[in-house]
Number of protein chains: 2
Amino acid sequence: MPTISVENYLKAIYHLEQQGEEGGLVKNKAIAEKLEISLPSVTSMLKSLADNGLVVYERYKGVKLSPDGCSQALNVIRKHRLIELFLVETLQYTWDEVHSEAELLEHAVSDKLAAKIDAYLGFPDSDPHGDPIPSVDGQVRVSSAIPLNQCSPYCTAIIKRVLNQSPELLRYLKELGLVPGSAVDVVSVQAFDGQMNLSVNSTQGETSAIITAQTASCILVLPQ
Amino acid sequence: MPTISVENYLKAIYHLEQQGEEGGLVKNKAIAEKLEISLPSVTSMLKSLADNGLVVYERYKGVKLSPDGCSQALNVIRKHRLIELFLVETLQYTWDEVHSEAELLEHAVSDKLAAKIDAYLGFPDSDPHGDPIPSVDGQVRVSSAIPLNQCSPYCTAIIKRVLNQSPELLRYLKELGLVPGSAVDVVSVQAFDGQMNLSVNSTQGETSAIITAQTASCILVLPQ
DNA sequence: TTAAAAAGTTAGCCAAAACTAACAAGGCAA
DNA sequence: TTGCCTTGTTAGTTTTGGCTAACTTTTTAA
């Protein structure tokens with residue numbers, strides 16, 4: 001069984017692979033920053049992961065997950081997301097609280113418990129942030145959702161996912177009704193800084209919101 | 001925050017203090033056996049725990065928990081038992097499966113999560129085995145229940161607790177209806193080996209069971 | 001093209017928590 | 001009381017996974 005530390009590295013590498021360009025290696029620096037660990041520590045861990053066949057490591061270039069490493073990463077991410085949804089569904093956690101709890105629990109939940117949670121929740125597609133829940137065999141549903149800041153005025157779209165785990169941001173978005181499932185109309189976009197004026201149709205009714213391009217880039221939507 | 005290893009030592013010392021005589025020190029050997037760890041490892045950890053004020057350690061004699069160590073032990077045990085009950089209540093775990101899951105999860109559950117589980121379960125007194133759940137401030141309800149093997153023929157009693165986490169034994173007892181809440185009548189006791197012939201009144205109805213004195217000693221009952 | 005900055009590596013260190021081997025203390029039986 | 005067996009301790013090693021300091025490679029910008 002991999003250690004907690006190994007699981008965290010695999011998860012970090014997986015996430016960084018997702019956000020980097022197709023086929024590119026993940027840089028050591030990026031891992032160091034994500035895990036808040038020194039660069040030499042990363043180098044030494046990558047060697048060890050490579051020795052164990054979990055990553056393919058090219059000196060001075062970076063790493064990518066091996067098939068084995070990828071499936072282990074997905075198993076942890078699966079648990080993380082199942083836990084998040086479970087905490088919201090059963091214990092009335094809010095979507096800004098669950099990430100940090102899941103970050104600890106993901107390493108202590110057995111495959112059996114994950115399967116029970118999955119069944120209890122009715123085999124859900126995604127967690128409270130809209131992040132897809134990998135299946136037991138490592139399949140991840142892909143989505144064609146795009147960042148909201150790429151939408152033009154008069155565009156109408158449904159929010160599918162929020163790519164940020166900051167509790168402050170999540171509380172702010174919830175306040176504005178900007179949560180998965182809500183519909184947004186792009187009323188206008190500031191030419192010079194991309195600030196967006198939105199009309200939001202959420203469970204809280206019809207409201208309006210003004211957010212920065214930066215914030216909008218974390219919100220993935222499916223234009224209608 | 002204490003490490004998982006430290007939490008396990010504190011928990012083991014607590015349990016051994018409970019089963020030893022009042023005021024006696026817990027022997028290093030007992031800890032080593034309980035945690036399946038070598039004696040020198042125990043010695044060195046006890047020194048470290050003593051340095052951190054978690055135990056009072058007397059060389060060559062043994063240890064006892066300090067007030068601080070005791071409250072930390074109880075906090076872990078509280079989480080363990082809440083998790084056990086939660087798994088049974090929400091995810092249809094059986095009482096023989098929960099101990100090993102809780103053994104891992106107890107170190108990853110935050111105080112906040114424990115409090116939410118506690119509230120969700122309606123502030124329960126005890127876990128599925130009848131073990132008392134310590135309160136947040138470290139209070140443990142005491143019970144006057146006695147081992148079933150100390151009961152005489154014609155005695156009628158209610159099962160309060162089972163002092164054993166072996167899945168095999170637990171499945172066997174469940175089969176016989178010997179679970180907390182069931183009523184037992186002692187029909188007869190073998191003079192030479194203490195084997196007990198019981199009449200059991202459980203949710204499965206009226207049945208009979210023959211168990212060894214050893215097994216009976218794990219079953220705590222309140223005579224009526 | 002080249003020098004400086006950034007990123008990556010190596011070497012060496014530390015702490016936690018395990019281990020074995022060897023020695024010391026304590027307790028029981030003859 | 002003595003001697004042996006059990007228990008406990010010390011000393012020294014290992015593994016994991018961090019760290020800093022110093023050096024090397026790669027990238028970037030002048």
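Naming: A, B, ... by sequence-line order, numbering from 1 per chain.
Comparing C:dA18, D:dT9, D:dT20 against the side chain of B:Y9 picks out C:dA18 as the nearest. In this structure, the nucleotide among C:dT20, D:dC19, D:dG17 sitting nearest to the side chain of B:P40 is C:dT20. The B:S41 side chain lies nearest to C:dC19 when the options are D:dT10, C:dC19, D:dT20.
If you check every strand for non-hydrogen atoms under 4.0 Å, A:S48 touches nothing. Note on A:S44: nothing from the nucleic acid sits closer than 4.0 angstrom, heavy atoms only. Counting non-hydrogen atoms under 4.0 angstrom, A:K47 reaches the backbone sugars and phosphates but no base. At the heavy-atom level, B:S5 lies under 4.0 Å from the strands shown only through sugar-phosphate atoms.
Rounded to an integer number of Å, the gap from B:L39 CG to C:dA22 C1' is 14 Å. Remark: C1' of C:dA17 and CD1 of B:I31 are 15 Å apart, rounded to the nearest angstrom. One atom, NZ of A:K27, and another, C1' of D:dT26, lie 8 Å apart when rounded to the nearest Å. Atom pair B:N28:CG and C:dG26:P shows a separation of 13 Å (rounding to whole Å applied). Rounded to whole angstrom, the span from the OH atom of A:Y60 across to the C1' atom of C:dT9 amounts to 5 Å. In this structure, CG of A:L49 is placed 9 Å from P of D:dG17, rounded to the nearest angstrom. One atom, CE of A:M1, and another, P of D:dT16, lie 14 Å apart when rounded to the nearest Å. Atoms NZ (A:K29) and P (C:dA5) sit 15 Å apart, rounded to a whole Å.
Look at B:S38 and you won't find any side-chain N or O under 4.0 angstrom from OP1 or OP2 of C:dA18. Residue B:R59 places no side-chain N or O under 4.0 Å from the OP1 or OP2 atom of C:dA24. Side-chain N/O atoms of A:Y57 include none lying less than 4.0 angstrom from OP1 or OP2 on C:dG8.
A donor and an acceptor atom, one from each side chain of B:D68 and B:S66, are nowhere located under 3.5 Å apart. Side-chain contact annotation: A:T94 with A:D96, donor-acceptor N/O pair under 3.5 Å present. Between A:T212 and A:Q214, the side chains place no donor N or O within less than 3.5 Å of an acceptor N or O (distance only, hydrogens not considered).
Looking at A:R161, A:R141, A:R78 one by one, the single match for salt bridge (Lys or Arg N to Asp or Glu O under 4.0 Å) with A:D131 turns out to be A:R161.
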*Does the side-chain contact (heavy atoms from CB on, under 4.5 Å) test come out yes or no for A:L54 and A:Q72, once each step is laid out?*
CA-CA 9 Å; A:L54 296 170; A:Q72 293 201 28; 3.6 Å; yes
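The 5' end of DNA chain D is approached more closely, in terms of each residue's nearest nucleotide, by A:V6 than by the other of A:K61 and A:V6.
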